[in-house]
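Following: one structure in structure tokens, then a few remarks.
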Amino acid sequence: MSASSHTDTQTAEKLKSMELTQRDEQGATGRFVYWAGVLFALAHIYFNTLGTLSELWVSAIHFSGFALICALMVPLSKKRANAGWVIGLDLLIGAIAVGTTFYLILFEDALYERGVHFITSDWIVAVVAILVALEMTRRTTGWFIPCLIVFALTYVFWWGQYVDGMFNFPGLSLETVLYRSYFSSEGMFGSIARISWTYVFMFILFGAFLVKSGAGDFIIELSRCAAGRMIGGPGFVAVLGSGLMGSVSGSSVANTVSTGVITIPLMRKAGFPARFAAGVEAAASTGGQLMPPVMGAGAFIMASYTQIPYVEIIAIAALPALLYFLSVGFYVRVEARRSHAHAVEMDVRPVKEVLKEGWHCLLPLVVLVALLIYGFTPTYAAGISIISVVLASWISPKKMGLRDILDALAQGSRNMATTAMLLVAVGLVVNVVAMTGIGNTFSLMVTDWAGGSLLITLVLVALASLVLGMGLPVTAAYIVLATLSAPALYSLMAERELIELIVNGNLPETARAIFMLVDPNSLTALAAPMSEAQAVALLEQVPPDFKGQLLDQAINADKLAMILLAAHMIIFWLSQDSNVTPPVCLTAFAAAAIARTPPMMTGFTAWKIAKGLYIVPLLFAYTGFIGGSIDEVLTIFVFGILGLYAFVGLMEGYLEGPLNIVLRILSGACAVGLLWPHGQLVFDLIAAAVFIALFMYSRRLAPAVEATA
């Protein structure tokens, strides 16, 4: 065996170790999973369209079915995955999960007839169901989430009463905890589980159908046509292809593996350093979770938390996602100039030819967006769009037959296995937060630590997201962090808006009445503009119990909804950093396996390139980028593009040519001027003019070898 083929084998083994499925899909177990996946996918389509079962029952069926599939996909012992006793034990665990659901359905009425008093079988079933959820989550995501769940549940009925201070909790009985965790629609089968079997499953299934129809190949080919012949083109192919693929898959690791095997070798061939090529692919694939319509299940959970329509969320999320991908593209452009990257001779056809062959792949996305805009529910729109994928394929050379449809149904269920187990299990943590009120306590603690500073709060949330991301997948990290810290973030952002109204003397009369109750002399001061320090001092006099009512009276409901969405969007963006931040960054590790570079150093490179994950949320917090007028949003977007490019110049010391220390500082000053929320258009224009001049001047500093670029 040659050294090259040996290395290729090692790379394949590394990528294989990152896959969920550990058993041979062609064996008897694999065939069982295949047909179980097909039937389960059809059952979910029925539940989301014509079904009339109670949501509790459907959530329980969702859990047990995916527990069975997951038990057979991910064996108890990877080394002895195909041993008869391991398969038998896994099948038994899956069957037990199914049995617990049958018990809930058959004996739910009997439980309520007893006044929700447990008998022996109730105790056994509830405990076993939770243990199965913990085990399936351990297999698919590791030990962190099961330990977190045990920590949370025991806090409620055991050790919470022994904690001093603000986190002291008197405790609930174990019977109450088990009831709320399993038999009610609050724990495992609460709102998070409902999101899982409705929005998330239907869109993951939609993505599986798109990939099976050839949309994935079409996206890569279209990206190569659009950017392949440019200087550093393979890097732009990675950015564009990962963005488009991420809008379908919603999985950063899958995105990296599917597009990286094409883009990373091309980038290296073009002259990019191997570690940079892997970092670009990891950073771009991470952005796939920010790109509508799927957003890695985040948009659906956000819609549930904020009660803002899903279609409105993905519309608002589009420009920020584009801003992130542009920021990654700027790194590609700078590195292409610095590394003298050249155009790669690729078999790139004209865009018109590719569109002529694959335009039908775009039809399902058009159908999806049209149905959402027209007012159909996301689940119904996804169901119709799945049908449109099949119909659209029939006008192409690659028609989807019965076997292709079955494959897509089975693949959709397999793709959902990890997410389903994760969301059902995380529901237990969310339920604990609701039962104990610890979310409000945590928010008060964060606010106290930050001293009322929004910037320090953002830093604390970013640090918390990084720590949680070391053990939790992105979606779980977002759910936990949003449950705990979103109220604090929302409160500070809303108070900032309120202070601005007070400073400008625009506080509504109904809100002034609340101040009058606190200090009758405040009415005179509120009648005219005042300094920010005076406004803050005045607001500090309002008791915490009155602040919620004050915000409702002072700020209209639509504005408050956008502030809440901005708070959740900040947390969701910051939660993505675990994909590219060492020491645990699976997306960067997957890219490193393809590029054959050191995983940890690749992670640091990806972390640097993905700095947009931290900068864009600042725009959410301090500007009207979320929920502002069209003019305001577009203005922020345009100056944000220039600001991010200027920031890359500061970080890299290079634009079109090398920058000395003075020019780097000047580029950084331009970035601050363009991104800082000073609210003065003239400053933005001056900063933009200076940066454009710096950009043009840097071309004169470029080495002569780049003159042909």
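For clarity, every value in this text was computed on a predicted model and none was experimentally measured. Side chains are part of it too, since the values below use all heavy atoms of this structure and drop only hydrogens, waters and symmetry mates.
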Would you please test Thr602 and Thr597 for side-chain hydrogen bond (donor to acceptor under 3.5 Å, both in side chains) and show each step? CA-CA 7 Å; Thr602 302; Thr597 54; 2.7 Å; yes
Within the 4.5 Å heavy-atom criterion, are Ser196 and Met416 side-chain neighbours or not? yes
CD of Glu632: more than 12 outside heavy atoms within 6.0 angstrom? yes
Are Leu422 and Thr140 close enough, and set up right, to give a side-chain contact (heavy atoms from CB on, under 4.5 Å), and what steps lead you there? CA-CA 8 Å; Leu422 170 66; Thr140 55; 5.9 Å; no
For Leu674 and Ala687, the nearest pair of non-hydrogen atoms, with its separation, is CG-CB, 3.8 Å
Can you confirm whether Tyr199 is buried at OH, in the sense that more than 12 heavy atoms of other residues, nucleotides or ligands lie under 6.0 Å from that atom? no
Judged by atom type as modelled, is there a donor-acceptor pair below 3.5 Å linking the side chain of Thr605 to the main-chain atoms of Met601? yes
Would you please name every residue forming a ring pair (Phe, Tyr, Trp, His ring centres under 6.0 Å) with Phe276, sequence neighbours left out? Phe272
If the condition is side-chain hydrogen bond (donor to acceptor under 3.5 Å, both in side chains), which residues does Glu335 pass it with, not counting sequence neighbours? Arg338, Ser339
Do the side chains of Tyr155 and Ile438 get nearer than 4.5 Å, heavy atoms only? yes
Please check if the side chain of Asn579 supplies one atom and the backbone of Thr286 the other of a donor-acceptor pair under 3.5 Å. no
Check Ile145 against Ala476 and note the closest heavy-atom contact, atom names and distance. CD1-CB, 4.3 Å
Please confirm whether the backbone N or O of Val74 pairs with a side-chain atom of Arg139, one donor and one acceptor, at under 3.5 Å? yes
Check ring pair (Phe, Tyr, Trp, His ring centres under 6.0 Å) between Phe151 and all other residues, then give those that pass, not counting sequence neighbours. Trp159
Side chain of Ser465, backbone of Leu574: donor and acceptor closer than 3.5 Å? yes
Which pairs, with at least one residue in residues 494-503 and sequence neighbours excluded, count as a side chain to side chain donor-acceptor pair (under 3.5 Å)? Ser491-Glu495
If you measure from OG1 on Thr441 to CG on Asn168, what distance do you get to the nearest 0.5 Å? 10.0 Å
Quick one: are Leu501 and Ile555 in side-chain contact, heavy atoms under 4.5 Å? yes
Tyr310 side chain to Met302 main-chain N or O, any donor-acceptor pair under 3.5 Å? no
Could you tell me the separation between the CG atom of Leu618 and the OH atom of Tyr614, rounded to the nearest 0.5 Å? 11.5 Å
Any heavy-atom pair between the side chains of Ile615 and Leu323 that's under 4.5 Å? no
Does a side-chain heavy-atom distance below 4.5 Å link Val156 with Phe169? yes
For Val474 versus Ser575, what's the shortest heavy-atom pair and its separation? CG2-O, 3.8 Å
Residues that Gln534 engages under side-chain hydrogen bond (donor to acceptor under 3.5 Å, both in side chains), provided they are two or more places apart: Ser531
Would you sort out whether Met562 and Ile316 count as a side-chain contact (heavy atoms from CB on, under 4.5 Å), showing the intermediate values? CA-CA 10 Å; Met562 288 300 103; Ile316 290 173; 3.7 Å; yes
Can you list everything that forms a ring pair (Phe, Tyr, Trp, His ring centres under 6.0 Å) with Phe691? Sequence neighbours excluded, please. Tyr645
Taking all heavy atoms of Thr259 and all of Ser285, pick out the closest pair and write down the distance. OG1-OG, 4.1 Å
List in chain and number order the residues that pass side-chain hydrogen bond (donor to acceptor under 3.5 Å, both in side chains) with Thr436, two or more places apart in sequence or in another chain; answer none if no residue qualifies. none
As an exercise, state the distance from CG of Leu131 to CE of Met136, rounded to the nearest 0.5 Å. 11.0 Å
Contact check, side chains of Ser327 and Val648, non-hydrogen atoms, under 4.5 Å: no
Heavy-atom distance under 4.5 Å between the side chains of Leu423 and Ile301, does that happen here? yes
Would you say the side-chain atoms of Ser667 pair up with the backbone N or O of Leu663, donor to acceptor, closer than 3.5 Å? no
Can you tell if the side chain of Tyr622 reaches within under 4.5 Å of the side chain of Leu454, non-hydrogen atoms only? yes
Taking the six-membered ring where the residue is Trp, are the ring centres of Trp573 and Phe620 under 6.0 Å apart? yes
Quick one: are the ring centres of Phe300 and Phe203 less than 6.0 Å apart? yes
How about Tyr490 and Tyr305: are their ring centroids closer than 6.0 Å? no
Partners meeting side-chain contact (heavy atoms from CB on, under 4.5 Å) with Val672 (sequence neighbours left out): Trp676
Taken to the nearest 0.5 Å, the spacing of Met166 CE from Asp164 CG works out to 13.0 Å
Salt-bridge criterion met for Lys608 and Glu652 (N-O under 4.0 Å): yes
Restricting to salt bridge (Lys or Arg N to Asp or Glu O under 4.0 Å), what partner residues turn up for Arg664, sequence neighbours left out? none
Please enumerate all residues that pass side-chain contact (heavy atoms from CB on, under 4.5 Å) together with Leu463, with sequence neighbours excluded. Val459
Looking at CG of Leu326 and CG of Leu642, how far apart are the two atoms once the value is rounded to the nearest 0.5 Å? 10.5 Å
Minimum heavy-atom distance Ala567-Ala486, with the two atoms named: CB-O, 4.3 Å
Who are the side-chain hydrogen bond (donor to acceptor under 3.5 Å, both in side chains) partners of Arg194, not counting sequence neighbours? Glu55
Heavy-atom donor-acceptor pair, Lys547 side chain to Pro543 backbone, under 3.5 Å: no
Kindly determine whether Glu281 and Thr256 satisfy side-chain hydrogen bond (donor to acceptor under 3.5 Å, both in side chains), including the steps that lead there. CA-CA 6 Å; Glu281 180 57 47; Thr256 300; 4.7 Å; no
Going through the distances and angles, do Leu539 and Leu550 end up as a side-chain contact (heavy atoms from CB on, under 4.5 Å)? CA-CA 10 Å; Leu539 184 59; Leu550 177 60; 3.7 Å; yes
Hey, what do you get for CE (Met493) to CG (Leu551), rounding to the nearest 0.5 Å? 12.5 Å
side-chain contact (heavy atoms from CB on, under 4.5 Å) between Leu613 and Tyr324, worked out: CA-CA 7 Å; Leu613 290 176; Tyr324 173 80; 3.8 Å; yes
Might you confirm whether atom CZ of Phe167 has over 12 heavy atoms from other residues, nucleotides or ligands at distances under 6.0 Å? yes
Using ring pair (Phe, Tyr, Trp, His ring centres under 6.0 Å) as the criterion, list what pairs up with Tyr478, not counting sequence neighbours. Phe572
What are the two closest non-hydrogen atoms of Ala425 and Thr137, and how far apart are they? CB-OG1, 3.3 Å
